[in-house]
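Both backbone and side-chain heavy atoms feed into the values below; hydrogens, waters and symmetry mates do not.
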Amino acid sequence: MATYEWTPRIKHAAIEKEAKTLPKEEVTSHPLKGIVVTEVKKTGKSQVQDGRPRTSSHPLDPLTSAMDGADPLSMFASQADPLSRMSTQTTTKEKSMPKDENNGLDETFEPWSVKKLSILTKHTTSEKLTITTSFLSAHEKDRVVIKAQSTVTDKVKNRLEQLDDFEEGSVQEMLDLSQQEYVNRIDELNQALIDAWDQDQRVKALKIAIQCSKLLSDTNVIQFYPSKFVLITDILDTFGKLVFERIRSKSNYIPVGSSMPIQLPENFTPEQVPDSAKETCRNWFFKIASIRELIPRFYVETAILKCYSFLDTSEYSAALCRLADMTRGMGDPLVGIYARCYLSRVGIAVAPNIRDHLMPCFNDFLACYSQLQSDHVQNTLAMQKVEMPRYLTLYCPALDWILQCIAHRASENTLQTILEKCKKLFNSALLLNSIMSAFKPEYIAFRAVQFTEQIRECEETGFPKHMLYCSLGGCLVLASPPEDQRLAVLNEVWKVVMKLKNPLDYITCAEVWIEYVAKHFSKREVNTILNDVIKHMTPDRAFEDYYPQLQSIVTKVLSHIHDFTLLFSLDKFLPFIDLFQKEIVKVEVCKSIMEAFVKYQAEATSDPVIINALMFICKTMHDSVNALTLDDEVRAIGGLICGFVRKISFGRDFEQQLSFYVEARANFSNLDAVLVELVECVNTLAVETRDVVKGKHSRKTASFVRACAAYCFITIPSLQSVLARLKLYLVSGQVALLNQCLSQGDAFLKAAISLIAEVPKTLDVDGKVRSTEPLMTSYICSLLSTLLAVPDNPDQGVLYLLRGLLNVLSDFPWDVNSSAKAVVYVNVLSLLCAVSQEDYVYHIDRVDANDSMYGSDPKFLGEVTKISATVLEEVFSHLKVLGEGQNFKKQAEAAIEVFNVMVAHGDLSKHQMFTLALNLWGLAQKHGQGDTKQMVRTLDYVKRKAISKDKEGKVFADLASKMHLQSRT
């Protein structure tokens with residue numbers, strides 16, 4: 001096969017282009033215009049045209065109009081992905097559902113599930129706890145004895161005996177439990193309740209509910225009481241649901257006009273409930289009414305309150321008010337308010353429109369408010385070493401919930417009424433805090449000055465006053481006070497806050513109020529607050545204990561100040577950033593600043609204040625990267641610094657822009673992503689320079705673009721990624737040639753060709769090993785396209801860059817079972833055909849290519865022929881290797897690729913070329929492994945070429961007939 005000689009076909013690009021151009025035809029309407037249907041109506045003898053368009057008459061996206069205005073990709077994706085479709089359907093249902101359908105509550109009502117998580121997180125203890133129960137000891141045996149019971153009376157008697165057995169004292173006390181052990185025991189009780197119910201041991205389940213309720217009368221570890229309330233009431237909720245579902249399961253009814261019983265619907269009425277189910281329901285209430293102690297009787301009845309829906313929904317109001325009255329018998333005020341909280345929680349869930357019991361619950365708490373200072377409470381706090389401010393905060397969750405239920409959809413008159421009651425208690429700080437937490441922020445903001453006055457006049461001892469300012473600040477951030485009150489409120493609050501001695505109290509207030517200041521005031525006030533925070537946090541290095549709060553302050557400032565010229569003009573902002581002296585925290589703060597800059601800085605800037613500040617911040621992030629840094633973190637930091645680089649522009653001052661890129665390279669030399677971005681920016685700068693001078697460089701601009709090329713040539717080798725270097729060498733070489741920097745362009749292309757030898761055979765991509773052959777095939781094809789327009793260096797010989805590339809490719813570790821090597825060499829043949837033409841199909845502006853330099857010189861063409869023969873030999877050698885490896889499919893693919901290039905670019909009038917083409921066609925068909933569709937298309941193409949009347953047409957006609965004959969045989 002080495003005896004074959006490649007002969008390129010001489011083309012005339014302009015003539016061929018004109019011959020292939022389709023005939024032009026003038027159109028009278030836009031081709032993408034929507035179709036307009038005109039309906040013709042016949043009315044007697046006359047015809048009336050209704051010219052109303054059935055579709056829009058203005059130009060539309062044809063894909064969109066075909067899908068009735070929907071995005072076809074989104075539609076198909078939604079159809080294909082069942083999860084997306086379910087999500088869309090759910091969202092649609094939620095949007096179409098009226099707000100009142102959610103138990104009469106709207107989105108402003110904070111659900112209990114959110115509140116209980118914060119309670120469990122906040123109210124913890126290290127004290128030892130005690131639990132009293134008869135269901136958790138390891139040696140416990142089931143005390144529920146099931147006897148043979150012949151009558152209903154015997155069954156009831158046995159159950160009452162079991163209940164009495166519990167009340168006689170068949171319980172055990174578990175002492176000295178840690179908080180986690182206590183929680184585990186509560187979880188075991190919950191599971192025991194469910195297991196007993198599943199085993200039809202209803203009395204045992206009731207006993208567990210009673211025992212759990214009794215635990216709520218214990219305040220021995222008082223600071224843990226709110227969390228204990230959450231844990232116990234979860235068990236009671238489970239009990240209530242089990243009882244309700246049990247009765248509902250026994251409530252099958254026969255609808256009117258039917259003989260088959262069906263299950264109760266979700267929204268059933270008492271009339272649909274059969275008498276047997278109602279009797280079961282009454283029995284449950286009678287059992288609970290027989291409980292002797294007040295607290296378990298109250299809690300267990302409240303837990304099954306929803307069961308009144310089986311009897312009469314009008315009972316809800318009376319039952320809720322009766323249960324509210326029962327709480328007056330609970331002597332401990334803390335136990336009492338949490339009982340009222342549970343009643344309010346269950347009431348708002350089962351009967352959200354009934355509110356008659358809510359205000360009495362609040363009034364009852366106010367009536368017993370004086371007990372908080374009683375001797376009994378004081379002695380309890382002294383014994384447990386709990387201070388009064390800490391004790392008062394235990395009331396907040398329950399009081400907040402009760403007031404939230406009262407405030408939901410309430411008018412401002414309700415707020416005013418409650419404020420008046422608060423004044424009668426000498427502006428109780430506890431009440432004021434809960435009022436601000438419960439009512440709409442708009443109501444609080446409208447009375448901002450009034451609240452500051454009441455906070456100032458409230459009692460000095462007891463509830464921490466700084467928490468009141470935090471609550472007020474939170475309301476004023478969500479809703480703006482009247483403009484004439486804003487400064488007065490800030491002055492009143494801050495003169496108190498700045499005098500706080502405890503760093504925790506101070507920073508808690510500052511964290512809230514900094515957002516109010518940033519939202520409503522100028523940079524002067526923000527700077528003042530930051531300065532005050534620095535003063536309070538610096539002594540004794542207090543800032544080290546409050547990094548989360550300080551981070552929150554930065555985040556809130558950034559969320560409201562988007563003008564970074566203004567931000568960095570604050571002389572206390574960067575000193576505030578210096579408070580973060582722990583590296584990991586400082587990096588996170590720097591990342592938040594850069595994220596805000598990238599997000600909010602819409603236009604490029606050249607402000608030196610911004611550049612210097614952000615350069616320092618980016619340098620801090622960059623210097624934090626080391627060998628142990630996670631890849632995701634490196635990518636995140638690199639992306640933020642790249643965003644900073646892209647946002648800096650000096651307009652037409654290109655030299656200043658290049659100087660910035662030089663400084664950035666020096667500061668961010670360890671991040672590949674940033675170096676790649678800098679090289680691309682410098683290349684863009686060189687192209688912009690060319691655009692400004694319209695391709696006609698002066699001495700000054702020529703020197704500048706060479707400096708840009710030098711910058712890229714120096715920077716690229718420092719990249720760790722071989723593929724990134726390859727890409728940038730090629731792009732930078734193209735840019736250099738575009739700017740007539742021939743020597744620099746040659747240097748880039750030489751470096752790219754030399755680097756190909758260093759490309760590994762495989763790469764690890766997302767944990768999977770991938771071959772680099774597809775990437776290299778695409779890259780080498782792009783490189784070959786560039787080489788067509790590159791003139792030869794007179795000192796280096798004919799096509800010296802291509803020769804160098806072929807030398808590298810001969811040593812490249814190609815996969816012997818892949819057709820990649822053949823594809824690459826076929827593209828080299830295409831390039832050799834292109835360089836053999838008198839006029840090349842494209843040129844670089846103001847750069848003379850080899851067609852101008854050699855002018856189809858015979859010696860030049862002879863060299864091209866020699867190279868072609870060498871390349872052809874490599875192709876045939878690879879085809880032979882594929883055949884020996886019995887990889888006939890790849891062999892057929894490679895053979896048809898070579899055949900296509902010969903048909904497109906080779907001179908088939910030469911006997912050797914013609915014979916070679918037929919041999920390749922035969923090889924592609926030899927083992928029946930070729931792509932049938934591709935071969936059919938190729939044969940059709942040759943037949944179309946045979947239609948031509950010239951000499952070339954006769955050659956293709958002869959080729960087509962022999963190809964057809966080979967296909968048949």
Side-chain angles (χ1 to χ4, degrees), residues 111-140 171-195 207-239 295-296 299 303 330 332-342 345 372 377-401 430 463-464 467 504 508 545-546 548:
W112 178 253
S113 58
V114 176
K115 282 188 176 292
K116 75 177 185 179
L117 291 176
S118 63
I119 294 173
L120 293 171
T121 304
K122 182 178 179 181
H123 297 281
T124 59
T125 183
S126 58
E127 300 291 328
K128 294 299 181 181
L129 300 165
T130 302
I131 189 168
T132 303
T133 178
S134 60
F135 297 99
L136 295 180
S137 58
H139 58 276
E140 176 202 13
V171 294
Q172 297 178 1
E173 197 170 46
M174 303 183 73
L175 304 174
D176 297 332
L177 299 176
S178 68
Q179 178 177 308
Q180 186 57 50
E181 290 172 338
Y182 189 91
V183 172
N184 292 339
R185 296 297 183 273
I186 294 296
D187 290 340
E188 290 175 22
L189 274 174
N190 193 26
Q191 189 59 46
L193 172 67
I194 296 172
D195 292 342
K207 288 168 65 177
I208 294 174
I210 294 171
Q211 287 187 4
C212 291
S213 302
K214 290 193 68 174
L215 295 175
L216 292 174
S217 61
D218 177 20
T219 58
N220 286 335
V221 184
I222 201 165
Q223 64 266 36
F224 185 66
Y225 191 86
S227 292
K228 180 165 71 172
F229 169 80
V230 169
L231 297 170
I232 298 299
T233 52
D234 278 350
I235 298 178
L236 294 174
D237 290 342
T238 301
F239 176 74
I295 289 179
Y299 273 104
M330 299 177 187
D332 192 307
L334 187 63
V335 174
I337 193 169
Y338 275 94
R340 297 180 184 100
C341 172
Y342 186 60
R345 180 162 74 80
L372 273 63
V377 172
Q378 296 295 333
N379 292 336
T380 301
L381 297 182
M383 290 176 59
Q384 299 191 30
K385 299 179 181 180
V386 176
E387 297 179 353
M388 179 58 72
R390 174 76 174 114
Y391 173 67
L392 290 178
T393 58
L394 302 178
Y395 286 82
C396 289
L399 188 56
D400 288 351
W401 180 264
L430 175 62
F463 194 88
M467 293 184 63
L504 177 59
T508 304
D545 298 324
Y546 305 107

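Taken to the nearest 0.5 Å, the CG atom of Leu189 stands 11.5 Å off from the OG1 atom of Thr238. If you take NZ on Lys116 and OG1 on Thr233, they are separated by 7.5 Å, rounding to the nearest 0.5 Å. Taking CG of Leu120 as the start and CG of Leu231 as the end, the distance is 5.5 Å to the nearest 0.5 Å. A distance of 5.0 Å separates CD1 in Ile232 from CD1 in Ile235, rounded to the nearest 0.5 Å. Separating the CG atom in Leu372 from the CD1 atom in Ile337 is a distance of 8.5 Å, to the nearest 0.5 Å. With rounding to the nearest 0.5 angstrom, the CD atom of Gln180 is 10.5 Å from the CZ atom of Arg185.
Contact detail for Ala303 and Leu236: the closest heavy-atom pair is CB-O, 3.5 Å. Annotation for Lys228 and Leu215: closest pair NZ-O, 3.1 Å, computed over non-hydrogen atoms.
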Donor-acceptor pairs under 3.5 angstrom involving side-chain atoms of residues 387-397: please list them, not counting sequence neighbours.
residue	atom	partner	partner atom	Å
Tyr391	OH	Tyr395	OH	2.4
Thr393	OG1	Arg390	O	2.5
Tyr395	OH	Leu334	N	3.3

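Of the possible polar contacts, none joining the Ser213 side chain to the Ile295 backbone as a donor-acceptor pair under 3.5 Å is found. A donor-acceptor pair is defined here as one N or O able to donate and one able to accept, closer than 3.5 Å; no such pair exists between the side chain of Gln384 and the backbone of Gln223. Judged by distance alone, the side chain of Tyr225 and the main-chain N or O of Leu216 form a donor-acceptor pair under 3.5 Å. Judged by distance alone, with hydrogens and angles left aside, the side-chain atoms of Thr219 form no donor-acceptor pair with the main-chain N or O of Ile222 at under 3.5 Å.
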Exercise. Show your reasoning for whether side-chain contact (heavy atoms from CB on, under 4.5 Å) applies to Phe239 and Cys212.
Key: CA-CA 11 Å; Phe239 176 74; Cys212 291; over 6 Å; no
Exercise. Go through the steps to decide whether His123 and Val230 satisfy the test side-chain contact (heavy atoms from CB on, under 4.5 Å), and finish with yes or no.
Key: CA-CA 11 Å; His123 297 281; Val230 169; over 6 Å; no
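Using a 4.5 Å heavy-atom threshold, the side chains of Val114 and Pro111 count as touching.
Legend: residues meeting ring-ring contact (aromatic ring centres under 6.0 Å, His included) with Tyr182, ordered by chain and number and at least two apart, are Phe224. With sequence neighbours left out, Tyr342 forms a ring-ring contact (aromatic ring centres under 6.0 Å, His included) with Tyr299.
At a cut-off of 3.5 Å, with distance as the only test, no side-chain donor of Glu188 or Asn184 sits close to an acceptor on the other residue.
Under 4.0 Å is where a charged nitrogen must lie from a carboxylate oxygen, and between Lys115 and Asp400 no such pair does.
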